Amino acid sequence: MPLEGTCEGQMACSTCHVILAEEWFARLQPASEEEEDMLDLAAGVQRFSRLSCQIELTEELDGIEVFVPAEARNAQRY
Ligand code: FES
């Protein structure tokens with residue numbers, strides 16, 4: 001997955017921003033206010049955007065698909 005995750009889950013970067021299909025988005029716990037604030041700063045935010053570092057993977061989410069926004073750039077790859 002070409003995601004940078006610069007802050008390693010501290011909600012200080014938004015480089016882990018992903019977009020989900022509505023059916024998967026609806027299965028997640030609601031985003032915290034802090035996550036919403038960080039998403040406000042992310043490029044290419046859409047209705048079903050989340051910070052992937054805040055998604056707790058459970059068996060119920062087995063098979064989840066996420067999309068990396070076209071605006072995303074992984075600075076660790078260059
Ligand atoms: S890794 Fe920085 S907010 Fe998710």
Side-chain angles (χ1 to χ4, degrees):
M1 186 62 79
L3 285 174
E4 191 171 333
T6 301
C7 77
E8 299 180 349
Q10 301 301 308
M11 280 195 287
C13 69
S14 80
T15 57
C16 64
H17 171 213
V18 294
I19 299 165
L20 297 94
E22 183 176 6
E23 65 188 69
W24 288 109
F25 185 88
R27 296 186 198 188
L28 303 181
Q29 295 294 316
S32 66
E33 188 173 330
E34 293 83 4
E35 181 180 352
E36 294 285 358
D37 288 347
M38 190 52 63
L39 280 169
D40 286 344
L41 304 174
V45 171
Q46 298 183 18
R47 183 172 178 196
F48 302 119
S49 288
R50 292 295 301 262
L51 297 178
S52 59
C53 70
Q54 300 304 305
I55 298 173
E56 183 178 347
L57 294 177
T58 62
E59 280 192 31
E60 183 181 73
L61 296 178
D62 187 26
I64 190 171
E65 293 182 21
V66 301
F67 302 92
V68 177
E71 296 83 354
R73 295 286 178 268
N74 185 342
Q76 295 178 336
R77 296 181 75 194
Y78 304 102

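Just so you know, these numbers come straight off a predicted model, no measurement behind them. In listed order, ligands and their atoms are each counted from 1.
Within the listing of ligand 1, atoms 1 (S) sit less than 4.0 angstrom from a heavy atom of G9. Taking every heavy atom of C13 and a limit of under 4.0 angstrom, the matching atoms of ligand 1 come to 1 (S), 2 (Fe), 3 (S). Listed by number with element, the atoms of ligand 1 under 4.0 angstrom from any heavy atom of C7 are 1 (S), 2 (Fe), 3 (S). Ligand 1 places these atoms under 4.0 Å from at least one heavy atom of M11: 3 (S). Close approach of ligand 1 to S14 (heavy-atom distance below 4.0 Å) involves ligand atoms 2 (Fe), 3 (S).
Distance CD/Q10 to CE/M38: 11.0 Å, rounded to 0.5 Å. Rounding to the nearest 0.5 Å gives a distance of 7.0 Å between CE of M11 and SG of C53. The distance from atom SG of C13 to atom CD of E4, rounded to the nearest 0.5 Å, is 7.0 Å. Interatomic distance, CD of Q54 versus CG of L28, reported as 11.5 Å (0.5 Å rounding).
In this structure, E35 contributes its side chain and L51 its backbone to a donor-acceptor pair below 3.5 Å. In terms of modelled atom types and a separation under 3.5 Å, the side chain of S14 and the main chain of H17 share no donor-acceptor contact.
Atom 4 (Fe) of ligand 1 has no N, O or S atom of H17 inside 2.8 Å of it. At least one N/O/S atom of C16, whether from backbone or side chain, sits less than 2.8 Å from atom 4 (Fe) of ligand 1.
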